[in-house]
Structure formats: structure tokens, C-alpha cells
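Below: one structure, written as C-alpha cells.
Values in this document were obtained by computation on a predicted structure and should not be read as measured data. The chains referred to below are lettered A, B, ... by the order of the sequence lines, with proteins before strands, and numbering in each begins at 1.
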Protein chains: 2
Amino acid sequence: MVDRHPNLRAQRRAETQRAIQAHAVRLFTERGYDATTVADVAEAAGVAPMTVYRHFPTKEDLVLVDQNGPLLAERLRAAPADQPLVRRIGGALVDATAVLTGGGDPGAAAADGRFLLDRLRLMIATPALRARHLDNQYALQEAVIGALGDDAADPETAFRARAAAGACLAVLHTALVRWAEDDGRADLPALVADALAAAFGDAAAPLDRSARRQGPRRFTG
Amino acid sequence: MVDRHPNLRAQRRAETQRAIQAHAVRLFTERGYDATTVADVAEAAGVAPMTVYRHFPTKEDLVLVDQNGPLLAERLRAAPADQPLVRRIGGALVDATAVLTGGGDPGAAAADGRFLLDRLRLMIATPALRARHLDNQYALQEAVIGALGDDAADPETAFRARAAAGACLAVLHTALVRWAEDDGRADLPALVADALAAAFGDAAAPLDRSARRQGPRRFTG
DNA sequence: ACCTAAATGGTAGTCGCTATCACGATGGTA
DNA sequence: TACCATCGTGATAGCGACTACCATTTAGGT
């Protein structure tokens with residue numbers, strides 16, 4: 001339903017949106033986020049300042065990512081329900097990051113990976129963006145609760161699920177930061193698995209799943 | 001060194017600061033955070049809008065709390081270093097929340113507790129405040145790393161410490177939300193301990209420490 | 001009594017963001 | 001082919017958070 005009209009109009013709209021975000025990330029990286037105004041971004045993209053707000057609700061959304069909710073929910077529903085909470089959620093996180101970093105073809109992954117890394121670095125270094133990102137992850141926590149499929153009516157069950165989900169997502173964030181510091185060279189799913197093991201112990205880290213099995217897989221496709 | 005001059009001048013400054021924040025929290029709770037302007041707060045407090053910014057760097061800081069860093073660091077240094085990371089950090093969190101909720105005399109705790117609860121509710125319900133609070137907690141993570149006293153030079157050790165600290169602080173946040181939903185009637189240290197147990201398993205939760213021992217202690221003083 | 005410094009108020013300006021109206025181009029339709 | 005609705009964009013005006021700069025009053029120390 002997104003491509004209801006793969007017309008010339010929709011193509012141009014998508015292209016301007018891509019251009020605006022690309023110039024925004026470039027300018028933010030070059031001059032800094034706070035030192036770059038929305039008017040600067042608009043001028044660089046060749047549009048009016050208002051057009052920026054038609055495509056992105058706020059200046060922060062020019063950088064933020066966080067469209068991984070559905071992917072994570074799918075992996076959560078696929079996980080066996082008889083394991084501990086942190087193991088179910090942690091395994092889904094490892095799987096989801098594996099899809100994200102190894103999903104596309106190597107060429108597209110290289111270009112998109114650079115773009116994603118630039119945005120990730122901005123999100124980590126800029127206080128306003130970091131705060132928004134952490135809040136988005138906090139919202140993702142509720143999506144995790146819903147995807148777990150456990151009894152959400154019982155407040156005690158929901159409380160325990162929230163605690164486990166929040167802890168797992170914080171661990172994910174730690175792994176993301178380290179991945180960005182390493183310029184995306186490290187294997188993100190392995191980093192997530194290591195961070196999960198550091199927080200919850202090796203018993204809860206799904207090392208037997210898809211964490212370690214793709215060390216050199218990235219360039220074999 | 002804060003009270004270098006317990007003069008009339010410092011007293012008036014502290015009083016205006018307190019009045020500004022009190023009126024701000026009241027107005028935010030009554031009309032909503034976004035619907036209340038800084039000019040409204042200033043007028044209610046009987047000062048000029050600029051005076052508000054002289055006492056609080058941003059509008060968000062009129063609500064945010066987060067001065068628990070030193071307390072938590074002290075408890076962390078007091079924890080035995082031979083236990084697992086999440087146990088050391090979790091125990092310090094339980095102890096710190098016990099001091100916070102049961103620290104003062106009952107009378108002051110009742111008044112301050114209401115004020116603290118109002119701010120906590122605003123922080124949870126308002127997106128901008130929630131984001132800033134989560135970022136403050138993320139900054140607290142680094143303070144935890146430093147207070148642990150482990151070898152921060154080794155990036156692998158620091159990575160594991162960051163993962164554990166982030167997970168523990170996310171669990172703390174979950175407990176804080178539940179405490180606020182319960183209007184502060186529940187025992188916060190016990191909630192933190194329960195949340196820690198839900199995330200890390202009972203082995204990592206310091207139930208043998210000061211969590212359970214103060215169930216009805218609140219109203220026996 | 002004098003002088004320094006702190007606390008506050010005023011003014012003007014920038015920037016993020018919104019509401020509103022207008023215009024041109026695109027897409028389906030008679 | 002001609003028509004019209006809709007979409008994407010642009011321009012203006014305005015609000016609110018926040019800052020820089022300067023003026024004024026007043027408490028504190030000498």
C-alpha cells in the first residue's frame with residue numbers, strides 16, 4: 001500500500017525525500033547538528049524550508065532510524081515460548097541484527113551501511129538525537145511486550161516482561177555504540193551476543209543460534 | 001561548598017528557585033507540559049521569564065531529577081568486587097533507592113515524595129521529558145562504570161561493564177515507572193529487586209540484602 | 001560609607017515548528 | 001483531447017524556546 005502509485009509523482013517525492021535526508025546527514029556530520037539549521041539543509045537540497053517539514057516531522061527525524069520494529073516482532077513470535085524471557089528476546093535481537101547487517105546484497109550494504117553508520121554516530125554524539133533514540137527504543141520495548149504474546153493482562157507478568165525487555169534493549173544499545181565506534185567492521189550479531197552474555201551470563205546468551213555462524217559470511221554471498 | 005554564603009542573598013535565591021520549580025510542576029500537571037509556556041511559569045512564580053532561565057538551563061530541567069549519581073557511586077564502591085557485575089550494580093541500586101525513599105523523616109518524605117512523584121509522572125508521560133530522562137540515565141551509566149573501579153583501559157572489560165550497567169539501569173527505570181503508576185505506595189527497593197530478578201534471574205537479585213526487610217518500615221518511624 | 005558582585009529585569013534576535021493560503025503539475029476521466 | 005481533482009511545493013506570518021547584551025537594584029565585605 002506504500003506503492004499504490006508508482007507514478008512519476010511518487011518517484012519524485014521519494015527522490016526529494018532521499019536528497020533532503022542525504023544532505024542533512026552530510027551537513028550534520030560536517031558542521032555539527034546544532035550548528036546546521038533546517039534552512040541550511042533545505043538550501044543544500046534545493047527545496048524550500050517548508051518542504052523539509054513536509055517529509056520529516058522534526059529536525060531530529062532527519063537522522064533517526066528505528067524502523068526495525070516489525071522485523072524484531074516477527075523474530076520474537078518465531079522464538080520458542082518455553083525459554084526464559086531474556087533468552088527469547090536476546091535471540092530475537094541477534095537474529096534481527098543479523099538480518100539488518102547481512103540482509104541486502106554486498107553492494108547495497110556497503111552504501112547503505114555507510115549511511116546508517118553516519119546516522120548512528122550522529123545519534124550517539126548529539127545529546128538531543130541520543131535522547132530521542134533512547135526514547136524510541138523505550139517505545140520499542142512496548143512492541144516487544146506485545147510480540148511476546150504473553151498474558152499482558154496480568155500486571156505482574158507485564159512488569160517482569162518490561163524489565164527483561166528494557167534490559168535487553170539497553171544491551172542492544174551498548175552493542176550498537178560499540179559497533180559504531182568500530183566503524184561497522186565488527187560483526188554486529190556477535191557483538192550483541194557478547195553483550196547479552198556479559199549482562200545475563202552465558203546461560204542466557206544464545207551462542208548456539210546464529211551469532212557465531214556468520215563470521216566471514218558477510219563477503220561470501 | 002554549596003553553602004559558602006548562607007546569607008540572606010543565597011536564601012532568597014534558593015527560595016525563588018524552589019518557587020519557580022514548584023509552580024512549574026503544578027502548572028505542567030494541571031495544563032500539560034506543552035500547553036504551559038515558560039512565560040506562564042514565570043508569571044505564576046512572580047518573576048520575569050529570563051529569571052527562569054537563570055535558575056534552570058532549559059524548560060525540561062524544571063522537571064528532571066537525576067542528582068542520585070554520587071549516592072549510587074558511593075554504594076557501588078562499597079559493594080564487594082568479587083561478585084558478578086549485575087549483582088554488584090543491582091545491589092547498589094536497591095540500596096540507593098532505599099536511601100532515597102526512606103532517607104528523610106516521615107514528614108519531609110511525605111511532602112517531598114509527592115513532589116517527586118509528580119515530577120516522575122510528568123517525566124514518564126511527556127515524550128520530551130521522557131527522552132531527556134532516559135538520556136540522563138544513559139549518562140549515569142558512565143558514572144557507574146567509573147565507580148565500579150574495574151579496569152577501564154581494557155575496551156573489552158569496559159564493553160561488558162557498559163552492557164551490564166545499561167541493563168541494570170533499564171531495569172531500574174521499569175521499576176520507577178511501576179512505582180509511579182502505583183502512586184508511590186509500593187516499596188521501591190522491593191520493586192527494583194523484583195525487576196532485577198525478572199531480568200537476571202533470582203541468582204543475581206540480592207534478595208538477601210536490604211530489599212525485603214523494610215516492608216512496613218515506612219510507617220513505623 | 002563605598003565598592004564589588006550577585007540577582008533580576010528588559011530588549012532584541014535566532015531557530016524550530018505550525019497554520020494558512022496560493023500556485024503549478026500530475027493523474028485519472030469524460 | 002479537454003477537464004478537474006489531487007498532490008507536491010512555495011511564501012508569509014506567527015508562536016515558543018532560548019540566547020546575548022545591557023541596565024538596575026541590592027546584599028556583603030572592607
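Neither OP1 nor OP2 of D/dG8 sits under 4.0 Å from any side-chain N or O of A/H55. Regarding contacts with the backbone of C/dT26, every side-chain N or O of A/R13 stays at 4.0 angstrom or more from both OP1 and OP2. Taking only side-chain nitrogens and oxygens, B/T58 never comes nearer than 4.0 Å to OP1 or OP2 of D/dA17. Side-chain nitrogen and oxygen atoms of A/R12 include none within less than 4.0 Å of the OP1 or OP2 phosphate oxygen of D/dG8.
Rounded to whole Å, the distance from CD on B/Q11 to C1' on C/dA6 is 15 Å. Remark: P of C/dT18 and CG of A/D61 are 10 Å apart, rounded to the nearest angstrom. Here D/dG16 presents its C1' atom at 15 Å from CD of B/E43, a figure rounded to the nearest Å. To the nearest angstrom, C1' of D/dT26 lies 18 Å from CD of B/E15. Counting to the nearest Å, the P atom of C/dC15 and the CE atom of A/M50 are 19 Å from each other. The OH atom of B/Y53 sits 14 Å away from the C1' atom of C/dG13 (whole-angstrom rounding). In this structure, CG of B/L62 is placed 10 Å from P of D/dA17, rounded to the nearest angstrom. The interatomic distance linking B/D40 (CG) with D/dC15 (C1') rounds to 12 Å, in whole Å.
Listed nucleotides D/dG16, C/dG27, D/dG28 differ in distance to A/R9; the shortest reach to its side chain belongs to C/dG27. Out of D/dG10, C/dG16, D/dG28, the shortest distance to the side chain of B/N7 is found at D/dG28.
By the 4.5 Å heavy-atom criterion applied to side chains, A/R132 and A/T126 are not counted as neighbours.
Mapping B/D34 and A/T16 onto DNA chain D via the closest heavy atom, the residue that lands nearer the 5' end is A/T16.
Residues that satisfy the salt bridge (charged side-chain N to carboxylate O under 4.0 Å, His left out) test with B/R18, not counting sequence neighbours, are B/E15.
Shortest non-hydrogen contact noted between A/L148 and A/A161 is CD1-CB, 4.2 Å.
Using cut-offs of 30° and 60° on the angle between ring planes, the pair A/H173 and A/H133 is tilted.
Geometric assessment of A/K59 against the ring of A/Y33 yields a positive cation-pi assignment under the 6.0 Å and 45° thresholds.
Contacts between residues 127-136 of chain A and DNA chain C, counted as heavy-atom distances below 4.0 Å, involve no residue at all.
The residue from B/R162, B/R160, B/R88 that alone fulfils the salt bridge (Lys or Arg N to Asp or Glu O under 4.0 Å) condition with B/D150 is B/R88.
If you check every strand for non-hydrogen atoms under 4.0 Å, B/P57 touches sugar and phosphate atoms only. Base engagement by A/R54 is indicated by at least one non-hydrogen atom pair under 4.0 Å involving a base atom.
The salt bridge (charged side-chain N to carboxylate O under 4.0 Å, His left out) analysis of residues 25-34 of chain A, with sequence neighbours excluded, yields the pairs A/R26-A/E30, A/R31-A/D40.
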